Amino acid sequence: MTMGRNKNFHPRVEDLLSRMTLREKIGQMVQVAGPKGGIPDALRRQLREGRIGSMLNVTEPAISCELQRIAVEESRLGIPLIIGRDVIHGCRTIFPIPLALAATWDPQAAETCARVAAREASAAGFHWTFAPMMDITRDPRWGRIAEGFGEDPYLASLFAAAMVRGFQGSDLSSPDTLAACAKHFAGYGAAEGGRDYDAAVLSENLLRDVYLPPFKAAVDANVATVMTAFNEINGVPATGSIHLLRKILREEWGFSGFVVSDWKSIEEMVNHGFCEDGRDAARKAVQAGVDMEMQSSTYSDHLEDLVATEEIREGLIDDAAAHILDIKFRLGLFGERPLYRAAVPGQPEREALLQAKNAALRSIVLLKNNGILPLSPETRRIAVVGPLADDPYEVLGTWNRDGRTEDTITPLAAIRSLLGEKTEILHAGGMKYSRSRDTTGFAQAVQCAREADVVIFFAGEEAILSGEGHSRAYLNLPGAQETLLDEVAATGTPIVLVVLAGRPLIIGKAAEKAAAVLYGWHPGTMGGPALADLIFGVESPSGKLPITFPKAEGQIPVYYAHKNTGRPPEKLSLTMIDDSPVRAYQSSLGDAARYLDIGYQPQYPFGYGLSYTKFEYSDLRLSAGTVLPGDTIQASVRLANSGTMEAEEVVQLYVRDVTGSLTRPVKELKGFQRIRLKPGEERIVRFYIETGKLGFHNSAMQYVVEPGRFTLWIGGDSQSSLMAEFHLLPTRDMNKR
Ligand code: NOJ
């Protein structure tokens with residue numbers, strides 16, 4: 001045994017490990033789902049024999065306590081179980097989905113949400129959450145886009161670290177924390193065609209520059225655990241990847257927590273065609289460095305024998321068990337944390353609800369406004385229609401495990417309570433649920449629209465249409481919603497369209513029919529009150545898109561940090577399909593990286609989001625035109641609120657490395673700040689850019705910052721045009737400065 005394998009381990013780990021049998025050590029590496037209704041004898045026996053180290057999905061408090069009691073009081077060494085749960089965006093209080101949290105561009109708000117979730121979930125008896133998910137994706141067809149922080153590695157990294165801090169607190173052993181889990185390591189969001197679980201084909205550069213940074217940020221934030229991804233990358237399933245788990249995670253980043261597989265992802269390596277059978281899968285997973293197996297049983301079935309036949313070294317088992325025990329000690333499971341305290345998650349506290357509303361308020365994005373918003377609270381008669389207007393379940397989004405519909409305030413209820421008696425609200429959903437094709441409710445909704453001064457139309461997709469396994473090929477408003485919208489629009493009453501969804505939907509045509517569009521994602525328990533406040537101008541919208549919205553599915557992937565190509569379309573005169581003469585000469589339409597039918601622009605760019613006030617940017621300045629490697633350059637801009645309402649703006653800074661030994665994206669987000677200004681107020685907003693952060697992985701896979709010309713933009717979205725330039729000098733040019 002390799003005693004003292006990690007100097008930072010809890011001091012009691014080695015002693016405990018030295019007293020364990022091989023079977024007990026393997027037991028720590030086994031995680032199974034909790035039983036329902038009672039504890040089968042076989043499970044009791046396994047617990048007594050120390051053959052199980054962790055459980056998940058234990059939902060009945062009495063069973064949870066009893067399982068823990070058996071492990072602690074009836075097993076030889078009394079090692080407690082670590083009980084995990086998918087507390088993804090809240091426990092009992094459901095916060096906006098993670099993609100929506102990213103739209104707040106307010107990592108502190110996400111940290112607070114995670115803190116509240118940890119308090120609620122730990123009180124319910126959970127020790128560990130399988131969150132945050134930090135998979136970068138550029139494909140809204142992928143249903144799990146809802147669970148991550150969008151397309152940008154910089155933004156996602158800040159949110160990943162913030163949520164880890166929120167879940168884990170400053171002291172993991174304090175009883176109100178949860179161990180966090182950085183998932184899914186790695187490349188899961190790059191699934192081909194946006195089909196969940198599908199293969200990722202990724203260059204090592206792309207992996208390191210785009211997909212890995214949030215994981216690195218989570219490790220730097222001391223995340224306790226990491227979950228392997230279901231997918232393969234370049235032919236190797238992530239769950240069997242020595243490169244990912246040993247080389248990058250452990251050796252390069254120094255991760256010291258434990259690695260858990262995803263649900264049966266070890267066994268699934270047989271389906272991938274990477275392993276012969278369960279035995280082979282167990283061997284490859286342990287060799288790759290997967291410490292704990294979730295749900296499949298290849299470890300409990302084969303590891304003992306694999307050690308006996310010397311196909312794997314016992315030292316590998318010791319390491320895995322030590323990683324797990326260390327987290328159990330750090331979590332206070334051997335002392336500080338009360339062990340038998342499971343309970344059904346209790347009613348949300350006032351503070352939790354306030355935080356849920358605050359996060360939702362900041363996450364909702366105003367995509368269009370012809371001036372109709374905010375609506376006057378004096379509006380006489382308002383029609384509230386659409387399948388999501390009064391649904392307390394769907395607004396909670398994917399991964400709602402412990403939230404309750406009775407806690408939800410729906411948009412309709414919130415509007416009623418905000419406006420009181422003086423406004424007449426006519427409500428007819430028109431459809432029972434988002435996918436419905438039943439049009440029998442249309443007439444009533446249309447009648448409401450006809451009688452009202454304004455229509456608020458709550459469209460979107462149900463929770464089940466996003467999340468795990470729920471990819472979609474068509475991203476329009478599902479069911480008969482677009483027809484209902486047409487019929488409502490035909491009344492001539494102006495429409496405020498509110499879209500509630502787990503992903504960017506293709507809403508260009510729907511938006512044309514509306515006077516204003518708010519994108520509310522799946523906003524959680526307090527989404528209704530947040531929407532009502534924004535619609536009626538209690539607060540101005542300030543969310544910004546953390547993901548590019550495509551015009552059509554055929555445009556996917558479309559993302560702001562793309563490459564320029566040799567034929568960028570911006571500067572060419574291009575003919576679109578409808579203007580092309582019949583039998584036009586092949587190259588007469590202009591040859592560029594674009595589509596003949598929809599061009600190259602997305603529907604809404606990354607970082608985009610309107611406000612009720614007017615923010616003006618001017619006076620972009622750099623502290624120097626040239627800068628040396630290792631130095632920091634200061635960029636500043638004047639931001640003025642020249643509108644009539646106090647509001648918040650997310651000021652964004654993008655940089656382009658114009659020429660590189662490998663081509664660089666046309667823009668990369670490098671900083672942002674949320675600024676609140678009163679009408680007439682202005683402020684100089686300053687950014688400090690460390691040149692060391694302007695690098696990338698070169699062809700030798702070294703992180704390099706290459707000298708040369710850089711362009712910098714500051715503005716309200718990724719397409720803003722206020723720009724400046726600076727040169728990064730090679731060190732030897734120091735005296736030319
Ligand atoms: C499978 C999912 O991929 C993962 O994210 C989740 O944490 C586990 N199931 C456990 O529920």
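The basis for the numbers below is simple: all heavy atoms, side chains too, and nothing from hydrogens, waters or symmetry mates. In each ligand, atom 1 is the first atom listed, and ligand 1 is the first ligand listed. As the structure is a computational prediction, the values presented were derived from the model and not from experiment.
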Mark the output for Q295 as yes if a heavy-atom distance to ligand 1 is under 4.0 Å, and as no if none is.
-> no
Per-atom contacts, ligand 1 versus [X] - under 4.0 Å to a heavy atom:
X    : value
L56  : 10 (C)
M227 : 4 (C), 7 (O)
K183 : 4 (C), 5 (O), 6 (C), 7 (O)
F130 : 7 (O)

Say whether [X] and [Y], considering side chains only, have a donor N or O and an acceptor N or O under 3.5 Å apart.
X    : Y    : value
S174 : E336 : no
H10  : D326 : no
T93  : E120 : yes

In short, side-chain hydrogen bond (donor to acceptor under 3.5 Å, both in side chains) pairs touching residues 124-134 with sequence neighbours left out are W128-T225
Do the side chains of F159 and T104 get nearer than 4.5 Å, heavy atoms only?
-> yes
Quick one: are D139 and E151 in side-chain contact, heavy atoms under 4.5 Å?
-> no
Using a strict 4.0 Å threshold on nitrogen-to-oxygen distance, state whether R435 and E462 make a salt bridge.
-> yes
Does a salt bridge link E49 with R23, judged by any charged N lying under 4.0 Å from a carboxylate O?
-> no
With a heavy-atom distance limit of 4.0 Å, tell me whether [X] approaches ligand 1 through its side chain, its backbone, both, or neither.
X    : result
R144 : side chain
W399 : side chain
M133 : neither
N57  : neither

Look only at interatomic distance and state if [X] has a nitrogen or oxygen under 3.5 Å from any nitrogen or oxygen of ligand 1.
X    : value
E147 : no
D262 : yes
Y188 : no

Check the surroundings of atom CD in E204: do more than 12 heavy atoms from other residues, nucleotides or ligands lie under 6.0 Å from it?
-> yes
What protein heavy atom sits nearest atom 11 (O) of ligand 1, and how far off is it?
-> D86 OD2, 2.4 Å
